[in-house]
Amino acid sequence: MLRVRFAPSPTGFLHVGSARTFIFNWLYARHKGGTMVLRLDDTDVERNTEASVNSIFEGLRWLDLGWDEEYKQSERLGLHQQIAEAIFQKGMAYRDFTPAHIGDSERSGATQTWLFNPGMRELSRKESDRRAAAGEPFALRFRVPRGTGESVRFTDAVYGEQVKAADDIEDFALLRSDGMPTYHLASCADDVDLRISHIIRGQDHLSNTYKHVLIFEAAGGQAPQFAHLPLLVAPDGSKLSKRKHGPVVSVTTYRDAGFLPASFINFLCLLGWSPKDDREKMTRQELIDAFSLEGINRANAVVNFKESAATPEETFDPKAVWLNAEHIRGLSIEELSAQLLPIVCAAGFQVSPEKMLAIIPLIRERIKLLRDVLTAADFFFVEQLPPYDPAELIPQKGDAAMAAKVLTRAREVLAHTEFKHDPLDQALRAAAQELGLKAGQMFQPIRVAVCGRKNAPPLFETLEVLGRETTMARIDQAIARLGAAKS
RNA sequence: GGCGCUAUCGUCUAGGGGUUAGGACGGAAGAUUCUCAAUCUUCAAACCCGGGUUCGAUUCCCGGUAGCGCUACCA
């Protein structure tokens, strides 16, 4: 039975790199019909925060992929200690009474490799027991084989055969002096206990894996299969951090900016993984079907965001934005409405679901992020148009007089035209001809009068949704503005 | 410093001993159109460097360089 896990440590918000790790694990589980385990690796009491736990769940919930089992490491400390004890009893670990952190100062700036604290490895069992019984605090360290020429090896599904001389591995801690397990111990102990079959995680753990293999062997278990993922990095190649790069690295930022979970997932999948058949836009099911460890790349991938960009659209990786637009276009009117309505309401506008349904075909091709609905369809939502420059009303190669003439004529025509696409089209084109104007010269003033700007959805559809009353009122206002501007 | 991983257009990537090195985003130009989009067409744009192996390397090997990771009683 295939079992994978996503094991975040709640020391910060859920960032895009973690989200991708979660997604790859999930995809692999679903592809293989396995089990997805969510495990909070919260053994670092000092740095864990409730806010972080919430942020992680918030992000994962938005992704909407779900998981099958859920655990918390802090509730499994007994198991960790039990395994540590077993390793100690086998003589594969020893007590290190060196006070915490003093080794650090000795080592700081040191150009030498630290492997273990002097004197501790060789302490006799008797002496060790005596000092422990006396209440002297100690950390439990793994006794890495030394001078035996041994090497530790494992096969990584992405990086291939990995070998490292045991002599190059330091005696890492299993238990802290306060009795809490370290990440290495807790993680491996739980992986064994939860019968995790595949560990898919960031490449920053590739070097740690040798230690983990040692623990798995010492604990009498078989090491799972490993698959390390290339890291997601910032445009300058540095690793993503909130402090350095701001909110663009947080999953909730994508949600709040109007990304669809499906496109966000799609985007992340394309970073460090490829279906190898040139597909870009993929649905959740297509991703499940296509996903494989073989498709994972080895080089770090840049998330091409722009810090301090003017608009959200410019902030995010252009490909993420494009994919989002692509997914939006793939939604039905009803599906899109369900996404858009809450955003419009939250912005303080009142729109009936029926009207929303009518508006969506006009803006679906024009929005890239869900929130764009607020700028793309604003004039549908308000009673009163915000002020605009009357000069905008003036058509190409025209003047204020022409604008006034167009609007006045439009008013007359629209007064007795049915507000449907075809009749509007015919009536307005006929009017343009009468006035000796090009269609564009006729439509532009009307568009601005009705939308408040030049760039907007197609005119006839827009008028149809707006209705005669609103249209007439706005044309009247435009005429008034023109008059005011002239004098 | 030690150990390790990586290296194809600006970015994400495909490919692989002989290719016009493919696709996508973004950029540029054009078509279409009532504006803006969408769509379509076209263009510019890459194998880190040096050795070796080979008839032939971007591809395989070695070295260099650069980037990244690990080197904590963080994860």
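Sequence lines set the chain letters: A, B, ... in the order given, protein chains first and strands last, and positions in each chain run from 1. Computed from a predicted structure; not experimentally measured.
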Residues at least two apart in sequence or cross-chain that pass salt bridge (Lys or Arg N to Asp or Glu O under 4.0 Å) with A:Asp277, listed by chain then number, are A:Arg279
Give each protein N/O atom lying under 3.5 Å from an N/O atom of nucleotides 36-38 of chain B, with the pair distance.
unit_1	atom_1	unit_2	atom_2	d
B:C36	O4'	A:Asn455	OD1	3.4
B:C36	O2	A:Arg366	NH1	2.8
B:C36	N3	A:Arg366	NH1	2.4
B:A37	O2'	A:Glu365	O	2.3
B:A38	O2'	A:Glu365	OE2	3.0

Applied to residues 430-452 of chain A, the ring-ring contact (aromatic ring centres under 6.0 Å, His included) test, sequence neighbours excluded, yields A:Phe443-A:Phe460
Report yes if a side-chain nitrogen or oxygen of A:Arg47 is closer than 4.0 Å to either non-bridging phosphate oxygen (OP1 or OP2) of B:A75; otherwise report no. no
B:A37 versus B:U32 - spacing of their C1' atoms, nearest Å: 13 Å
Tell me which nucleotide among B:A75, B:A24, B:U71 gets nearest to the side chain of A:Tyr183. B:A75
Indicate, with a heavy-atom threshold strictly under 4.0 Å, whether A:Phe138 touches base, sugar-phosphate, or nothing. nothing
Can you tell which of B:C73, B:U35, B:C12 lies closest to the side chain of A:Ala173? B:C73
Using the side-chain heavy atoms of A:Glu280, tell me which of these nucleotides is nearest: B:C73, B:A24, B:A75. B:A24
Testing B:C68, B:C73, B:A75 for proximity to the side chain of A:Leu231, the answer is B:C68
Under 4.0 Å between any heavy atoms, over every strand shown, what does A:His205 touch: base, sugar-phosphate, or nothing? Just pick one. base
As its Watson-Crick or G-U partner within any shown strand, both distances under 3.5 Å, B:U65 has B:A7
If you take the centroid of each ring, where Trp contributes its six-membered ring, are A:Tyr210 and A:Phe154 closer together than 6.0 Å? yes
Give a yes/no answer on whether the side chain of A:Thr43 brings an N or O atom under 4.0 Å of OP1 or OP2 in B:A75. yes
Any protein N or O atoms within reach of nucleotides 19-22 of chain B? Criterion: under 3.5 Å, listing atom names and distances.
unit_1	atom_1	unit_2	atom_2	d
B:G22	N2	A:Asp278	OD1	3.3

For atom C1', what is the distance between B:C70 and B:U8, given to the nearest Å? 27 Å
Partner nucleotide, any strand, of B:U19 [Watson-Crick/G-U, under 3.5 Å]: none
Across the strands shown, which category fits A:Ser207 at heavy-atom distances under 4.0 angstrom: base, sugar-phosphate, nothing? base
Looking for any heavy atom pair under 4.0 Å, which part of the strands does A:Leu459 touch: base, sugar-phosphate only, or nothing? base
With side chains defined as the heavy atoms from C-beta onward, is the minimum distance between A:His205 and A:Ile199 less than 4.5 Å? no
Looking for any heavy atom pair under 4.0 Å, which part of the strands does A:Asn208 touch: base, sugar-phosphate only, or nothing? base
Report, as a single string ordered 5' to 3', how protein heavy atoms within less than 4.0 Å touch nucleotides 40-48 of chain B: B base, S sugar-phosphate only, - not at all. ---------
Separation between the P atoms of B:U65 and B:U13, rounded to whole Å: 26 Å
Taking the six-membered ring for Trp and the full ring for Phe, Tyr or His, determine whether the centres of A:Phe24 and A:Phe291 are under 6.0 Å apart. yes
Across the strands shown, which category fits A:Lys306 at heavy-atom distances under 4.0 angstrom: base, sugar-phosphate, nothing? nothing
By nearest heavy atom, map A:Asp168 and A:Arg20 onto RNA chain B; which one lands nearer the 5' end? A:Asp168
Would one find a side-chain N or O of A:Arg141 under 4.0 angstrom from OP1 or OP2 of B:C73? yes
Looking at the base of B:A75, is there any donor atom on it, or on the side chain of A:Asp204, that sits under 3.5 Å from an acceptor on the other one? no
Ring-ring centroid check A:Tyr183 A:His212, cutoff 6.0 Å: yes
Taking the six-membered ring for Trp and the single ring otherwise, decide whether the centroids of A:Phe316 and A:Phe259 are under 6.0 Å apart. yes
Produce the list of close N/O pairs, under 3.5 Å, pairing protein atoms with atoms of nucleotides 6-11 of chain B; give distances to one decimal.
none

Could you check whether A:Ser274 gets within reach of a base, just the sugar-phosphate, or nothing at all, counting any heavy atom under 4.0 Å? sugar-phosphate
